[in-house]
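Here is the naming used below: chain letters follow the sequence lines, and residue numbers restart at 1 for every chain. As the structure is a computational prediction, the values presented were derived from the model and not from experiment.
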2 protein chains.
Amino acid sequence: MAEVVTNLSRKEQVIRMAAELFKEKGYSAASMRDLAQKLGIEAASLYSHIKSKEEILRTLCFDMAAEFRTSLSEVEKQNVSASEKLRLGIIGHVKVMAKDLTASAVFMNEHRHLSQPWLRDFLLLRINYINRFKTIIEQGVSTGDFKKDIDTKLAVMTLFSSLNWMPGWFNPDSTIEPEKLGQQLADMLINGLKQNA
Amino acid sequence: MAEVVTNLSRKEQVIRMAAELFKEKGYSAASMRDLAQKLGIEAASLYSHIKSKEEILRTLCFDMAAEFRTSLSEVEKQNVSASEKLRLGIIGHVKVMAKDLTASAVFMNEHRHLSQPWLRDFLLLRINYINRFKTIIEQGVSTGDFKKDIDTKLAVMTLFSSLNWMPGWFNPDSTIEPEKLGQQLADMLINGLKQNA
DNA sequence: TTCTTCCACTAACAGTTGTTAGTTTTGTTC
DNA sequence: GAACAAAACTAACAACTGTTAGTGGAAGAA
């Protein structure tokens, strides 16, 4: 029991440091010797905790993906209007990101370095997530919540672009809470879509 | 004369291929041997045309930066309202990107691999460009063109995030013209800001 | 004590990296 | 045909890459 916890804790420490390194230098430019140095150990010692460099990337990417998925599922359950659903979805997304900005940055910028078949799996998860947001927007259009002449693909891509670069410029020491930030972001984006804003 | 043209043309061919490779695999993961193979030559032969791998990245990044700068300067000259200026600025930005989507992608995602002092110079150019957009938004706020309670930093970051991921998903074979796309994007973003939309 | 688990070590591997030096081929101009 | 520049070549370099094998110490449980 206790051993397992300790093990996980050390392994997670490695993964967390790796996330920082991957975010800073990018996955390819970050070497295992760099990572080891950050932890004060030798490169070979890392392999007591992880199987490979890519395993770290996989863990980071798929763990984040799972969190986003869970968050969106919660929102979809709610019985509210499309614009409200979109608002909640955005806030949820921001909150998940804010919980681990470093992992979020890696999730977004480094996932392409996954090899097959994980890359394919990852992209499928991603397209599914995006499509569920797209569906919300389309529902909003059909119920008259949003403008009729909206290009939903453009809208959803704009939405995700805005969301996804957040880890790059959001200051974690900032006084603004993620909830509030998500709120503001949602306001800004949705009021650009709403019919009678 | 003719020699110079041929030289430039071959060098530009190398740089163009490098841009494609950097976009696909990322700067660090792209090797000079990969690049050489794409051109059907040996890796060492590349050095007849370029000084170093990083020189290629520098060329790509700073050439794009210059184009963005020029485009924005044109817009700033115009004597129009802030919202119109913003609209023109966005369209200009999209048009510059559309002229070379590959170089744009490299400009945005790979610039961090520049070494000092070029990295510093690049970031200064970038912050300057962003601040000029921010100024336009602030002007719009003070003239009543935009809502008073806007967080201008958030607004400008959202704007750039949306713009900057475009090369990632925009299809160059698409029927939609860059002008039109810029127009739509501007509409979507600005109407989220405008007071009486 | 003895056993076990965790976590680090040293040494080394085969392959890849950007780049250089020096040479040869190719095509054009006088 | 001689001269020239552009653009390719071969061979090699030192450094760095992710990773494996085998070892040993430390801590806690039996």
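- Here the side chain of B/Tyr47 is nearest to one of D/dA8, C/dT20, D/dG18, namely C/dT20.
- For A/Ser48 against C/dA8, a side-chain-to-base donor-acceptor contact under 3.5 Å is present.
- Among the protein residues, B/Ala29 comes within range of no part of the nucleic acid, since none of its heavy atoms lies under 4.0 Å from any strand.
- Comparing atom distances between the A/Glu42 side chain and each of D/dC9, D/dG18, C/dT10 picks out C/dT10 as nearest.
- Out of C/dA11, D/dT10, C/dC7, the shortest distance to the side chain of B/Ala44 is found at D/dT10.
- Side-chain proximity of B/His49 to D/dA7, D/dC9, D/dT19: nearest is D/dA7.
- Of the N and O atoms on the side chains of A/Ser162 and B/Ser161, not one donor lies less than 3.5 Å from an acceptor on the other residue.
- Put simply, the side chain of B/Lys23 never gets that close to the backbone of B/Asn109: no donor and acceptor are under 3.5 Å apart.
- OP1 or OP2 of D/dA8 sits under 4.0 Å from a side-chain N or O of B/Arg10.
- For C/dC9, the OP1/OP2 oxygens have a side-chain nitrogen or oxygen of A/Ser45 closer than 4.0 Å.
- For B/Arg16, the CZ atom sits in a loose shell: 12 or fewer heavy atoms of surrounding residues, nucleotides or ligands are nearer than 6.0 Å.
- Cation-pi geometry between B/Lys134 and B/Tyr129 is not met: the NZ or CZ atom fails to fall both under 6.0 Å from the ring centre and inside 45° of the normal.
- Residue B/Ala36 is classed as having no contact, given no heavy-atom separation below 4.0 Å to the nucleic acid.
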